[in-house]
Each structure stands twice: as structure tokens, then as C-alpha cells.
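We number each residue from 1, following the sequence as shown.
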Amino acid sequence: MYERVKGVFNPKNLDTLKEEFKSEIGKTLIFRYAWLMDDDDPFPNEWALICESEKSTLHRIWIPKFDLDNIEILED
């Protein structure tokens, strides 16, 4: 379906980041592209990615693609 990627979590807006997710900053995690946000979403025309790293506090949480650095596509 959609590609899996790994990347370094580097959120661009720390003011709105929940405290429980701050420990994940700088970590390399696995994500899957989920949907392209539309005009009703918080970041129109930006990809939402779902965290698949089970041991991460971000597991099953979506983030905007721009919050990942050093993105590498993974083979399924």
C-alpha cells in the first residue's frame, strides 16, 4: 500500500508538542505514509505519517511529514 520509511523525529513546533512525545526528539523511528491532508486538515497538502515503532511513545500517532528529517524508504 503506502511506503514505510524511517526518519529522525524533529518536530518543527515544540510549543504544541505533548510532553510525553518530547523524549522521542532526535530518535530514528519507523513510519508509514497514511494520507495526504486536505483543506480541512491542520496541514493542507502535507503527508500524514503513522508511527510504527512499537516501543515509541509515538506508536500509532500521526505526524506531518515535515517533522521527520533524513527520511529513507524501507523495503516491505
Open item on the list: Are the side chains of Ile50 and Trp35 in contact, using a 4.5 Å heavy-atom criterion?
Closed with: yes
TODO: Compare all side-chain heavy atoms of Glu3 with those of Leu74 and state whether any distance is below 4.5 angstrom.
DONE: no
Open item on the list: Heavy-atom count check: over 12 atoms from other residues, nucleotides or ligands less than 6.0 Å from Lys18 NZ?
Closed with: no
- [ ] Drop me the distance from Asp39's CG to Asn45's CG, to the nearest 0.5 angstrom.
- [x] 6.5 Å
TODO: Could you work out the complete set of other residues in the hydrophobic cluster of Val8, with links drawn between I, L, V, M, F, W and Y side chains under 4.5 Å apart?
DONE: none
TODO: Enter the distance from Asn70:CG to Thr28:OG1 here, rounded to the nearest 0.5 Å.
DONE: 7.5 Å
Open item on the list: For Phe66 together with Phe43, are the ring centres under 6.0 Å from each other?
Closed with: yes
- [ ] Please report the closest heavy-atom contact between Arg4 and Glu75, naming both atoms and the distance.
- [x] NH1-O, 4.2 Å
Task: Heavy-atom donor-acceptor pair, Asp67 side chain to Phe9 backbone, under 3.5 Å - done: no
Task: Straight-line distance of Glu24 CD to Ser53 OG, nearest 0.5 Å - done: 8.5 Å
Open item on the list: How long is the straight-line distance from NZ of Lys55 back to CG of Leu29, given to the nearest 0.5 Å?
Closed with: 13.0 Å
Show the atom names and distances, to 0.1 Å, of all donor-acceptor pairs under 3.5 Å that link a side chain in residues 57-65 to residues at least two apart or in another chain.
residue: Thr57; atom: OG1; partner: Glu20; partner atom: O; Å: 3.1
residue: Lys65; atom: NZ; partner: Tyr33; partner atom: OH; Å: 3.2

Task: Residue pair Trp47, Val5: steps toward the side chain to side chain contact (heavy atoms under 4.5 Å, CB included) verdict - done: CA-CA 12 Å; Trp47 276 98; Val5 297; over 6 Å; no
Task: Ile73 atom CD1: more than 12 heavy-atom contacts under 6.0 Å - done: no
Task: Leu68-Leu17 co-clustered via ILVMFWY side chain contacts under 4.5 Å - done: yes
